[in-house]
Amino acid sequence: MITVAEVIVDVAAYPVDRPFDYLVPTEMTNIIECGCRVKVPFGPRNVLGFVVALKNDTEVPLEKIKPVTQILDIEPVLTREMLQLAKWLKHETICYEIDALQVMLPSALRAKYEKFVTLQTNIENLPDSLKEWFQKSERVNLKQFEKNNLLPDIKRALNAKMVTLENVVGQKGKVKEVRKVQICPEREKLNEIVNNISNRAKKQKLLVEWMANHVGEIVDPDIIYQELNTSSQVLQAVIELGAASFIQQEVYRDPFTKEVKKTDFLNLTEEQSTALHKITDAMNRKQSETFLLHGITGSGKTEVYLQAIAKCLEEGKEAIVLVPEISLTPQMTERFRSRFGELVAVMHSGLSVGEKYDEWRKVHQGKVKVVVGARSAIFVPFENVGIIILDEEHESSYKQEDSPRYHARDVAIWRSKYHTCPVILGSATPSLESFARSKKNVYTLLTLKERALKQSLPTVQVVDMREELKKGNRSMFSQQLLESIRVRLEKKEQIVLFLNRRGYSAFVLCRDCGTVLQCENCDISLTYHRSNEKCKCHYCGYEIHVPKTCPQCQSDHIRFFGTGTQKVEEEIAKFFPEARVLRMDVDTTKTKGSHEQLLQAFGDGEADILLGTQMIAKGLDFPNITLVGVLSADTSLHLPDFRAAEKTFQLLTQVSGRAGRHRKPGEVVIQTYTPEHYAIELAKTQEYEPFYEREMHMRHQAGYPPYYYLALIQVSHEDVMMAAEYAGKAADWLRSKLSFQISIIGPTTAGISRLQNRYRYQCLIKYKIEPNLIPTLLQLIKLYRSDWIKKGIILTVDLDPTMI
DNA sequence: AGCACGCCGACT
DNA sequence: GTCGGCGTGCTC
């Protein structure tokens with residue numbers, strides 16, 4: 001009987017986006033499993049692939065089928081669940097199956113392809129230019145030749161058969177190993193060695209005697225050096241005598257810097273326990289129910305999560321907690337680690353590739369039961385999930401912006417159905433989609449209306465900055481805000497000032513001609529980085545030194561403009577020279593851990609005012625903060641995005657929630673040029689439902705979600721005319737195929753009209769129910785793949801886009 | 001995608 | 001004659 005493996009190969013392209021059959025050699029049949037990574041020959045090269053099925057026959061003619069070269073995992077890296085989930089993702093987001101599989105694994109497990117040139121002749125026969133490279137070894141990485149512009153020479157040598165080219169498949173990350181000392185497990189042998197050591201070798205004798213007291217133990221060599229005040233030479237000598245040996249031991253890289261104290265459950269309010277009961281009830285009934293936990297800021301949502309997780313652990317099941325990347329601060333993760341200790345793994349982008357790999361391995365090996373992480377943590381390979389939590393469910397960072405363009409919320413619900421467990425979506429300001437679903441009873445609504453410590457919500461005042469201007473106040477602070485700051489400074493209470501700068505970052509501008517430094521490849525201004533005095537494009541990586549003079553007019557009045565926090569800081573100093581200000585922005589939080597240090601300092605009362613952008617809107621919880629000032633509420637309101645009002649309301653509610661969370665009452669001052677806008681008016685009362693009703697009405701009128709679904713088609717090409725022409729073709733084609741009830745807007749230029757030297761056009765499709773849409777889009781892709789791709793067109797489809 | 005194969009023009 | 005340009009087609 002033969003064994004055949006169906007393999008998804010690591011080649012992202014439509015024609016090969018299907019399983020390929022490979023013969024499993026007899027010696028591998030006992031080891032191979034679904035979900036293993038394998039090395040396979042594919043056409044003329046070797047690639048990595050994932051085994052998605054095993055069977056005993058094949059349709060493929062025997063002369064075509066090739067054997068698996070190697071199995072890379074003894075234990076499968078993907079569970080059956082994930083193989084199914086990948087198929088669903090492929091269909092749901094229109095992506096390649098390989099991309100769906102790869103996104104579930106830490107990048108350390110991705111393939112690394114290298115090419116090696118091997119010498120096949122006497123080195124003397126080589127051309128002079130190549131000789132030196134093969135002095136040390138007959139096998140040299142092709143990269144070396146690439147770097148030194150020797151590719152033509154290599155090509156010639158290849159044709160003359162003097163060298164051969166070899167593809168090597170490896171993996172990016174490694175398991176970290178450290179060298180330890182394994183002490184001999186037999187006491188008698190150690191005693192015998194001690195007796196044989198010459199009396200002149202005092203240190204060796206001492207060391208072996210010490211070892212006799214630690215028979216069979218595995219110790220860190222550094223401990224030996226310190227404890228016995230000895231050196232590696234002595235240890236080496238003793239090892240040669242046979243008293244111990246060096247071994248390699250697998251270790252986890254530890255991303256946690258400090259230990260945390262254990263904490264206990266807090267008492268729940270009545271609302272909290274009602275919510276908790278409904279959740280644990282669903283767990284008991286083994287039901288995949290989605291809860292929307294709508295709790296105002298400070299209502300203690302996290303405590304509900306923690307106790308639900310505790311219940312889940314009691315049942316012997318695992319828990320997944322997703323948190324937006326920016327609020328995944330040490331304070332946040334500590335709350336989980338202090339409750340569940342070593343059972344928690346943390347996954348976020350701040351970890352190195354190796355650290356992420358190790359956190360993933362802890363899950364894979366069953367060492368942890370709780371994962372706290374950003375978006376991609378939704379794919380952790382737990383096999384018995386008891387609860388999934390998405391905190392701040394309205395956050396747009398839960399949607400991945402490149403392939404596979406999945407939304408963590410959708411994946412969470414899919415997994416909850418697979419494991420028949422509940423999902424909790426938590427937020428003080430739910431997304432309209434989720435709240436609408438709870439109104440239709442698709443999700444179960446749980447409400448927390450009171451703050452956990454019964455504090456009242458802060459009072460909110462909205463200041464019309466136009467009036468201030470009329471009064472002749474040209475500064476960025478209103479009289480009202482200045483007065484409030486003065487009062488707090490006197491009372492020795494703390495202040496948070498929030499600069500709404502969504503979508504802005506530091507840039508470089510010429511004050512004479514107004515030129516802003518732009519990327520050469522993209523239609524976007526470069527971001528200034530103070531640390532290395534460079535300007536970088538965040539989209540393509542293009543980087544230049546800050547020029548001394550303006551490239552346009554040669555003026556030397558070229559200056560960097562920050563997020564504005566610096567300017568605010570200067571102005572505060574003018575009004576309140578005695579105030580101690582902490583500034584938190586990209587500049588002051590660049591190094592690892594600086595974010596944490598700044599917050600710690602503020603919490604310890606080392607400053608009176610914390611000034612910052614987005615990053616201070618979340619999770620900040622200090623008892624002495626009694627005033628929150630929003631310097632410009634409008635900035636996020638005028639972004640060209642149908643969610644601008646929703647995002648502004650969410651942001652204002654979030655920052656307002658920072659004030660008066662403990663005993664002292666809080667005050668919020670919001671400065672704006674459009675106080676009449678409903679997002680700002682309703683943020684003042686901090687009532688979600690009136691905002692929801694109002695915004696739903698707007699969405700209904702304009703034909704946006706949740707009333708309509710969206711799909712975004714993007715067409716790009718190096719040439720503007722080509723991009724525009726084919727975007728037009730795509731739009732026309734779709735209009736001819738889809739029913740007239742569907743509106744297709746565009747093509748228009750994309751938000752960033754040129755990216756990596758490609759011009760981009762897009763069409764927006766708005767639809768209610770259209771069973772034909774996905775098949776039609778797939779047809780469009782088919783059309784594109786056969787014909788357009790040759791002309792250099794790239795077409796992407798984003799179903800349910802979050803940004804337009 | 002990425003590679004070989006194949007056909008065609010321009011060079012040591 | 002052969003080197004290298006890129007259009008075509010295939011990958012178990």
Side-chain angles (χ1 to χ4, degrees), chain A residues 2-26 28-29 32 34 36-72 83 90 94-103 110-117 127-130 142-143 145-146 149-170 402-404 716-718 756 758 781-796:
Chain A
I2 54 159
T3 310
V4 174
E6 289 187 12
V7 175
I8 297 288
V9 291
D10 180 18
V11 179
Y14 283 107
V16 293
D17 188 25
R18 62 183 173 87
F20 283 84
D21 285 1
Y22 285 89
L23 207 64
V24 181
T26 42
M28 291 184 194
T29 48
I32 203 157
C34 285
C36 280
R37 293 173 305 151
V38 286
K39 226 190 264 186
V40 289
F42 191 65
R45 62 214 160 111
N46 289 306
V47 294
L48 185 132
F50 292 91
V51 178
V52 292
L54 289 166
K55 54 191 182 182
N56 293 312
D57 52 36
T58 176
E59 313 265 275
V60 182
L62 274 160
E63 67 276 9
K64 265 188 148 184
I65 200 162
K66 292 178 188 173
V68 170
T69 314
Q70 195 192 339
I71 303 173
L72 293 158
L83 297 177
K90 170 183 179 176
I94 311 186
C95 70
Y96 305 119
E97 195 162 338
I98 187 68
D99 281 344
L101 291 167
Q102 303 261 37
V103 81
R110 299 259 168 96
K112 190 173 78 179
Y113 298 101
E114 280 179 309
K115 288 175 187 171
F116 284 92
V117 184
D128 290 343
S129 60
L130 295 179
L142 186 69
K143 260 199 188 139
F145 300 105
E146 239 169 290
N149 296 323
L150 288 166
L151 283 186
D153 302 55
I154 288 293
K155 199 160 191 186
R156 247 171 271 128
L158 217 49
N159 284 339
K161 302 224 156 46
M162 291 194 279
V163 294
T164 50
L165 201 59
E166 175 193 5
N167 281 308
V168 178
V169 186
D402 43 45
S403 177
S716 74
H717 195 274
E718 286 176 14
Q756 305 212 24
R758 302 183 65 86
I781 288 166
K782 223 179 205 171
L783 177 82
Y784 139 84
R785 110 166 74 139
S786 55
D787 182 28
W788 299 14
I789 210 163
K790 288 180 204 127
K791 299 193 168 85
I793 300 280
I794 292 180
L795 182 142
T796 59

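Below, read A as the first sequence line, B as the second, and so on, with proteins coming before strands; counting in each chain starts at 1. Keep in mind the model is a prediction, meaning the values are calculated, not measured.
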What integer distance in Å separates Asp99(A):CG from dA1(B):P? 11 Å

If we ignore hydrogens and angles and just use 3.5 Å, is the side chain of Tyr96(A) paired with the main-chain N or O of Val16(A) as donor and acceptor? no

For atom CG of Leu48(A) and atom C1' of dC12(C), their distance in whole Å: 16 Å

Under 4.0 Å, heavy atoms only, any strand: does Pro15(A) hit a base, just the sugar-phosphate, or nothing? base

How long is the line joining CG of Asn167(A) and P of dC3(B), in whole Å? 6 Å

Quick check for you: among dA1(B), dC12(C), dC3(B), whose closest atom lies nearest to any side-chain atom of Arg18(A)? dC12(C)

Separation of dT11(C) atom P from Arg45(A) atom CZ, nearest Å, is 13 Å

What is the distance, to the nearest angstrom, from the CD1 atom on Ile789(A) to the C1' atom on dG2(B)? 12 Å

Within a reach of under 6.0 Å around NZ of Lys66(A), are more than 12 heavy atoms found that belong to other residues, nucleotides or ligands? yes

Tell me whether the side-chain N/O atoms of Lys64(A) come closer than 4.0 Å to OP1 or OP2 in dT11(C). yes

Provide, to the nearest angstrom, the distance between the CG atom belonging to Asn46(A) and the C1' atom belonging to dC3(B). 13 Å

Can you tell me how far apart CD (Glu6(A)) and CG (Asp21(A)) are? Round to the nearest 0.5 Å. 5.5 Å

Rounded distance in Å - CD (Glu97(A)) to P (dA1(B)): 18 Å

Does OP1 or OP2 of dG2(B) have a side-chain N or O of Lys115(A) closer than 4.0 Å? no

Can you tell me if Asn167(A) uses its side chain to pair, donor with acceptor, with the backbone of Tyr113(A) under 3.5 Å? no

Provide, to the nearest angstrom, the distance between the NZ atom belonging to Lys155(A) and the C1' atom belonging to dG5(C). 9 Å

Do other residues, nucleotides or ligands put more than 12 heavy atoms under 6.0 Å from Lys55(A) NZ? yes

Report which part of the nucleic acid Phe42(A) touches: base, sugar-phosphate, or nothing (heavy-atom distance under 4.0 Å, all strands). base

Shortest side-chain distance from Asp21(A), nucleotide among dA1(B), dC12(C), dC3(B): dC12(C)

